[in-house]
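Below, all heavy atoms of this structure are taken into account, side chains as well, without hydrogens, waters or symmetry copies. We're numbering straight along the sequence, starting at 1.
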Amino acid sequence: RCDTYDNAVAAIYLVKRGRTEAARKLVDAFVELLYPRKLAGVSPQALYEVPSGRKLALLATAYSVGVPARGGVYWGKAVFEGAVDTGNNAWAAMALAHFSAATGEACYAAAARDVMHALQKHGACDDG
């Protein structure tokens, strides 16, 4: 089981310890899942228009080990827990932002901004 929250915290820890290449494996997995390469089979409701101009799908709570997952697909053998929530995705965005700050690679900051934009669209309250 690969939990989004656990991997985000691990990436932040690795960055803070100066182990950016180890953290890169985790943040790259996030980026791969956030931006689906193939949209066939992905519900249009799972995709967000984000500032980078790409289509973004928020992350599931947990993915299975050993089965390749696809961004925007929240069921099947590759997904351990398909719920999409603000907390897990916000932690992933923080991991991306920390990684970007440590490496100077702006693409990870852009991905963090995209996630936060989607979360605002997905979970914003309109109750005044």
Between the CD atom in Glu81 and the OG atom in Ser64, the distance rounded to the nearest 0.5 Å is 11.0 Å

Value for NZ (Lys25) from CG (Leu14), rounded to nearest 0.5 Å, stands at 10.0 Å

Can [Y] be reached from [X] by stepping across I, L, V, M, F, W or Y side chains whose heavy atoms are under 4.5 Å apart?
X     : Y      : answer
Met94 : Met116 : no
Phe30 : Leu33  : yes
Tyr5  : Leu96  : no
Ile12 : Val31  : no
Val15 : Leu34  : yes

I need the minimum non-hydrogen distance between [X] and [Y], along with the two atoms involved.
X     : Y      : value
Leu58 : Ala118 : CD2-CB, 3.9 Å
Pro68 : Ala78  : O-CB, 3.3 Å
Ala57 : Gly71  : CB-C, 4.2 Å
Lys55 : Leu39  : CG-CD1, 4.4 Å
Val27 : Ala95  : CG1-O, 4.1 Å
Val79 : Val73  : CG2-O, 3.4 Å

Applied to residues 98-119, the ring pair (Phe, Tyr, Trp, His ring centres under 6.0 Å) test, sequence neighbours excluded, yields Phe99-Tyr108

Which residues share a salt bridge (Lys or Arg N to Asp or Glu O under 4.0 Å) with Arg17, sequence neighbours left out |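 Once residues adjacent in sequence are excluded, Arg17 has no partner under the salt bridge (Lys or Arg N to Asp or Glu O under 4.0 Å) criterion.
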
By salt bridge (Lys or Arg N to Asp or Glu O under 4.0 Å), Arg24 pairs with (sequence neighbours left out) Glu21, Glu105

Point to revise | Side chain Ser52, main chain Ala110, donor-acceptor under 3.5 Å | key: no

Next on the checklist: Checking the side chain of Asp85 only, and the main-chain atoms of Gly87 only, is there a donor and an acceptor separated by less than 3.5 Å?
Outcome noted: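 Such a contact is found between Asp85 side chain and Gly87 backbone.
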
| said: Going by the rule side-chain hydrogen bond (donor to acceptor under 3.5 Å, both in side chains), which residues pair with Tyr63 if we only count those two or more places apart in sequence or in a different chain? | reply: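 Not a single residue meets the side-chain hydrogen bond (donor to acceptor under 3.5 Å, both in side chains) criterion with Tyr63.
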
May I ask you to check if Arg1 and Phe80 form a cation-pi contact, with NZ or CZ under 6.0 angstrom from the six-membered ring centre and within 45° of the axis?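 Arg1 over Phe80 ring: no.
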
Go through it in stages, so that I can follow the logic: the residues are Asn88 and Leu59, the test is side chain to side chain contact (heavy atoms under 4.5 Å, CB included), and I'd like the CA-CA distance, side-chain angles, deciding distance and then a yes or no. CA-CA 8 Å; Asn88 288 321; Leu59 300 169; over 6 Å; no

* Would you sort out whether Trp91 and Val9 count as a side chain to side chain contact (heavy atoms under 4.5 Å, CB included), showing the intermediate values? => CA-CA 7 Å; Trp91 277 99; Val9 171; 4.0 Å; yes

Those residues at least two apart in sequence (or on a different chain) that pass side chain to side chain contact (heavy atoms under 4.5 Å, CB included) with Ala106 are none

task: Let me see the working for Tyr48 and Asp114 under side chain to side chain contact (heavy atoms under 4.5 Å, CB included), right down to the final yes or no.
output: CA-CA 9 Å; Tyr48 294 88; Asp114 283 350; over 6 Å; no

Thr4 side chain near Asn89 side chain, heavy-atom distance below 4.5 Å:
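Not touching, per the 4.5 Å side-chain cut-off.
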
Sorted by chain and residue number, the ring pair (Phe, Tyr, Trp, His ring centres under 6.0 Å) partners of Tyr74 (sequence neighbours excluded) come out as none

